[in-house]
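Structure, as structure tokens:
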Amino acid sequence: MKANELPVVVEAKPVEFDSPPLPQGDSCVAVIFGATGDLTRRKLVPALFHLACIGCTSNQFMVLGVARNELSQEVFREQIRKGLTESKDGKLSDADWQRLAPRLHYLSGELDDPGTYNKLRARLAELEADGDTGSNRLFYFATPPSLAPKIVDGLDAAGLADEEKGWTRVVIEKPFGHDLASAHALNEKLAQVFDEDQIYRIDHYLGINTVQNILVFRFGNSLFEPVWNRNYVDYVEITAAESIGVGSRAGYYEQAGALRDMVANHLLQLVALTAMEPPVAFDANSVREEKVQVWRSLQRMTFDEIAKRTVRGQYGSGAIDGELVPGYRDEHGVSGGSLTETFVALEFQIENWRWAGVPFYVRTGKRLAQPLTEIAVHLKRTPQALFARTPNEQINPNVISLRIKPDEEITLAFGAKYPGSEMRTANVHMEFCYRTAFNSPPPSAYETLLLDIMRGDATLFTRADGVEAQWKVINPIKDAWAEQRPKDLPNYAAGSAGPAMADQLLARNGHRWSDLTEGFDRCEKQNEPEQ
Ligand code: BG6
């Protein structure tokens, strides 16, 4: 909140809702390739188990982990149990663990060895004979993108792609390929073996409740959509700031960098949901069609424009929450001279009727001052400074913020009159906080998405043309950056708001990023009892 702004506490009273009936996913065997990885332990199994605990999937469902490590079933289960205790999404009671642990299985094998898939076929036959899974099979590729084509070949050769008795669905984690050519090749490979409606390209941002709410906010209310265009919007700012560093993922991150890791998928999804036209229906193809149109409308930047409208950065050492942290180049597994970007800021222009001339600024980075993920829509100033000759602070333009982190909330900044006889104005905030308003935590993103896969609903997944349209936006930037080696890295300190160049990117148009060093704890404040 800026110095001249006051909070207006708009009551977000817990409302009594009749909880809607829990949706049911089909029973299945979830085969997870890459089962000893972080994602399986921290996200996938906790989400699947939680779904089973709340009754969204049959207790007959099973998980079969596949990875190269030679592990016994017991050791695998122990690893998963450890993940469950560490995961904030997956707290399980002992009784639930005792009930669900026998549903966890493990098979070791190299994923590029056809023999692995023959063993898998035999194992699936055994498991399906034991439990009621409807012979439905969900194959989850929690692996680096380079392994995906090999897994598709393996499944095909072993006859595991068929849908003889139940359904077969494949789930491909991001990043989908590492550039346009590899994404296109993977799409072609998948299409040789599976129908498009069997393929689920996952982006966990789409499972986040507030992200889905963007469509409800825009198209379920007549209040906002009339101003949601170039006539009223000055600029849009999309931020995904993290205070964590690269952690134990240097091997992957050194190849990916922030552009591929965050912009090519999560942030382009947020751009599309903010900018898209209303779909003709809320179904998978209508929604996905409109999103693809946005990515197609993003202006292709020339080499010179890329130099002017994109900023990359890398963190040096610094302090986060008072604790000293190393710079990126000193992280375990990172090369001393690494040029990998851990921060990106860029300006997109959308060349269509609704958005022509409205900049969409996007930024993301690791080791920034604090976590903040939000879309801020800045409206234009009023046409006349009506109150300028009164004893006033300036009334700032309205800002609608759709916040995803640290708390899921929506705020509206507007001007109001101070109480008193003088005509004096202040900038105030109206707030809606999910947690306090609905009085129940939203499900984790992976829970939502896994349940959708088990129900056969692909609305929140990216279509083949969607991922290629995303790479068409990213490829020119990636190529231009490869030719212009940055000389100033590291260029921001851990714990700061990112490189100064990112501020200049907006300042040249008279715009400003939300201040990453201010507090974002409004939801918490609303929960505090009155003094
Ligand atoms: C992942 C990226 O897709 O998203 C990570 O690979 C990033 O680098 C993460 O930290 C951010 O997602 P969330 O849900 O933790 O904000």
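Computed from heavy atoms alone, side chains included, the values below leave out hydrogens, waters and symmetry copies. Whatever order the structure lists them in is the order used to number ligands and atoms, beginning at 1.
- Within ligand 1, counting atoms from 1 as listed, the ones closer than 4.0 Å to a heavy atom of K366 are 5 (C), 7 (C), 8 (O), 10 (O).
- In this structure, H511 and Y361 have perpendicular ring planes: the angle between them is above 60°, well past the 30° mark.
- The shortest N or O to N or O distance between K174 and ligand 1 is under 3.5 Å.
- Relative ring orientation between H204 and Y446 is described as parallel, the plane-to-plane angle staying below 30° on a 0-90° scale split at 30° and 60°.
- Among protein heavy atoms, the minimum distance from atom 7 (C) of ligand 1 is reached at E242 OE2, 3.5 Å.
- You'll find the ring centres of F343 and Y492 inside the 6.0 Å limit.
- Within a 6.0 Å radius of CG in D321, no more than 12 heavy atoms belonging to other residues, nucleotides or ligands are found.
- Residue contact check: H266 has heavy atoms under 4.0 Å from atoms 1 (C), 3 (O), 4 (O) of ligand 1.
- Atom 15 (O) of ligand 1 has as its closest protein heavy atom K405 NZ, 3.2 Å.
- For the residue pair R363 / T239, a side-chain donor-acceptor distance below 3.5 Å is found, with atom types taken as modelled.
- Among protein heavy atoms, the minimum distance from atom 5 (C) of ligand 1 is reached at R249 NH1, 3.3 Å.
- Across D261, I208, V246, heavy-atom proximity to atom 6 (O) of ligand 1 is greatest for D261.
- Side-chain polar atoms of Q314 and N491 form no donor-acceptor pair below 3.5 angstrom.
- In terms of protein heavy-atom proximity, atom 14 (O) of ligand 1 is closest to H204 NE2, 2.7 Å.
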